[in-house]
**Student:** 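Have a look at this one before I ask anything.
A, B, ... follow the sequence lines: proteins, then strands. Residue 1 opens every chain. In what follows, every heavy atom counts, from backbone to side chain, and hydrogens, waters and symmetry copies are set aside.
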There are 2 protein chains.
Amino acid sequence: MTAEDTAAPARRGRPGYDRQQVLEVAVRLFNEQGYDATSVSDLAGELGVTKSALYHHFDSKSAILEVALDDALSGLESALDDAVRSHSDASAQLRALVRGAVGVLTARQSRVTLLLRVRGNSDVEQSALRRRREFDQRVAAIVRAAQAEGMIRADIDAAVATRLIFGMINSLVEWYRPGGPVDPDELADDVLRATFDGLQA
Amino acid sequence: MTAEDTAAPARRGRPGYDRQQVLEVAVRLFNEQGYDATSVSDLAGELGVTKSALYHHFDSKSAILEVALDDALSGLESALDDAVRSHSDASAQLRALVRGAVGVLTARQSRVTLLLRVRGNSDVEQSALRRRREFDQRVAAIVRAAQAEGMIRADIDAAVATRLIFGMINSLVEWYRPGGPVDPDELADDVLRATFDGLQA
DNA sequence: GTCTATATTAGGATAGAC
DNA sequence: GTCTATCCTAATATAGAC
């Protein structure tokens, strides 16, 4: 209904998954139980196949994680690039970025959730962390510039402000559920209002 | 210097840990690597003792987790109780709660971090989750009441507002470090300003 | 309070048939 | 694309001595 882009001829019988379907279920399980707490057996059980079948789709458990993390990072980086490209002043870029980030978090919720929980326990996780730190630094630079432009109040440290804003945004993955009662666009508006105008009446 | 309440006669030689010291190191490791990714061997290695030595202090790995989670939850519950007891109107209670929660998060950072990452993979985790949900519901009720009092803007859903506020607060555990450049009290002020007045100049 | 075994199970991963 | 069988390692936990 929503995403069936690949030209895959919609499988029928119980068994018979493609890479995308495996990825989908894996990411969901990783989020429900945590990556480390999810065994390949768990995943196989959830899909109703054996462990061996999974190794036909992915070389390793961490290869699944790698694909998911790349997807999340690409989304966030694109949102940042778009925001920077579409606006010349930092204040407008920041607003666009907040809206874009909320968009990515709601659209790719499960993969971004995975990204935000990465601790650096493997090469895959460490390289994702590096890439995420680069993203964070670019964002911090924009917040600093927006403060210099007078958009962000001067009585708060720009680095702290950056973390508070994205702390609020990132926390969405903990409760937002696609298809739930909260509309993604309205949510973006709420976050913009909450961060910049405040929740006080 | 800070917490040496127990009457333990300050050990000397390398080996020789008490429960508190083991707990301290365990919680730090759990946060660095994730609970599931941290083996009892890792912990033993970090302490410079064998695995068996650890089982002298705690019955199981999850027993360590249980103590840490209880401490975090107790702190948050106390902050909530204090806020409710000290103020009669919801608006003041909410402000006191935000300040108190930031205080608990900064003072018991490592244990609260652990709590916020719990997924419910065991009985210990599930009972912590239940207790946390109770806390969340009490908080949501206060936010609703504060909105009814006219303190919180009416154009945002109270449940969403609650999650945004505590999303920002809880995100502190991701970057705040005791003894670092950010003062806990100033941070509480910043969070109050950011959530209620907004970050806009 | 710690140590040297050791039991036991589960985990990630591979070989090769269907 | 999936299966059975299997390898190998690492994980939690225990027994009993020092």
Side-chain angles (χ1 to χ4, degrees), chain A residues 4 6-27 29-30 32-69 114 118-119 121-125, chain B residues 4 6-27 29-30 32-68 114 119 121-125:
Chain A
E4 262 300 322
T6 45
R11 303 235 167 21
R12 296 138 293 182
R14 282 318 97 213
Y17 293 98
D18 62 19
R19 239 176 108 98
Q20 276 304 316
Q21 295 173 306
V22 171
L23 181 65
E24 203 70 27
V25 176
V27 170
L29 266 195
F30 289 166
E32 285 173 7
Q33 310 179 336
Y35 172 77
D36 293 295
T38 304
S39 67
V40 178
S41 291
D42 289 341
L43 181 47
E46 183 78 12
L47 288 164
V49 299
T50 61
K51 291 194 283 180
S52 311
L54 295 181
Y55 284 97
H56 172 76
H57 298 287
F58 290 93
D59 284 348
S60 65
K61 183 183 164 188
S62 69
I64 305 179
L65 181 64
E66 189 168 20
V67 172
L69 295 180
L114 216 45
V118 154
R119 314 300 319 163
N121 289 332
S122 63
D123 287 349
V124 166
E125 295 194 6
Chain B
E4 263 302 319
T6 44
R11 304 240 165 18
R12 294 138 296 182
R14 282 318 93 210
Y17 293 98
D18 62 18
R19 238 177 109 98
Q20 275 303 316
Q21 295 172 306
V22 170
L23 180 64
E24 203 70 26
V25 176
V27 170
L29 267 194
F30 289 166
E32 284 174 8
Q33 311 179 338
Y35 173 76
D36 293 294
T38 304
S39 67
V40 178
S41 290
D42 290 341
L43 181 47
E46 183 78 10
L47 287 165
V49 299
T50 60
K51 294 191 281 180
S52 308
L54 295 180
Y55 284 97
H56 171 77
H57 298 288
F58 290 93
D59 285 346
S60 65
K61 184 182 162 187
S62 69
I64 305 180
L65 181 65
E66 188 167 20
V67 173
L114 217 45
R119 316 297 320 160
N121 290 331
S122 62
D123 286 350
V124 166
E125 296 195 5

**Student:** Among D:dT4, C:dA13, D:dG1, which nucleotide has an atom closest to any side-chain atom of A:Thr50?
**Tutor:** D:dT4
**Student:** If you check every side-chain atom of B:Tyr17, which of C:dG1, D:dC3, C:dT2 has the closest atom?
**Tutor:** C:dT2
**Student:** Does a side-chain N or O from A:Tyr55 land closer than 4.0 Å to OP1 or OP2 of C:dT14, or not?
**Tutor:** no
**Student:** With distance as the sole test, does B:Tyr17 use its side chain to make a donor-acceptor pair with the main-chain N or O of B:Leu47 at under 3.5 Å?
**Tutor:** yes
**Student:** May I ask you to decide if B:Ala63's main-chain N or O and B:Ser60's side chain share a donor-acceptor pair within less than 3.5 Å?
**Tutor:** yes
**Student:** From CG of A:Leu43 over to P of D:dT2, roughly how many Å is that when rounded to an integer?
**Tutor:** 12 Å
**Student:** With a 3.5 Å distance limit and no angle check, can you tell me whether B:Lys51 reaches the backbone of B:Ser39 through a side-chain donor-acceptor pair?
**Tutor:** no
**Student:** Measure from NE2 on B:His56 to C1' on C:dT2 and round the result to the nearest Å.
**Tutor:** 9 Å
**Student:** Check A:Leu54 against A:Leu43 and note the closest heavy-atom contact, atom names and distance.
**Tutor:** CD1-CG, 3.7 Å
**Student:** Round to the nearest Å and state the distance from A:Phe58 atom CZ to D:dT2 atom P.
**Tutor:** 12 Å
**Student:** Any idea which heavy atoms bring A:Glu32 and B:Arg119 closest together, and the distance?
**Tutor:** O-CB, 3.5 Å
**Student:** Measure across B:Thr38 and B:Lys61 and return the closest heavy-atom pair with its distance rounded to 0.1 Å.
**Tutor:** O-NZ, 2.8 Å
**Student:** Quick one: which protein N/O atoms are closer than 3.5 Å to N/O atoms of nucleotides 5-11 of chain C? Pair and distance per line, please.
**Tutor:**
residue	atom	partner	partner atom	Å
C:dA5	N6	B:Ser52	OG	3.4

**Student:** Which nucleotide in the list C:dT2, D:dT2, C:dA13 gets nearest to the side chain of A:His57?
**Tutor:** D:dT2
**Student:** For the pair made of CG in A:Leu47 and P in D:dT2, what is the distance, rounded to whole Å?
**Tutor:** 8 Å
**Student:** I need the CG-P distance between A:Leu54 and C:dG12, as an integer number of Å.
**Tutor:** 11 Å
**Student:** Without decimals, in angstroms, what is the distance between B:Asp59 CG and C:dG1 P?
**Tutor:** 14 Å
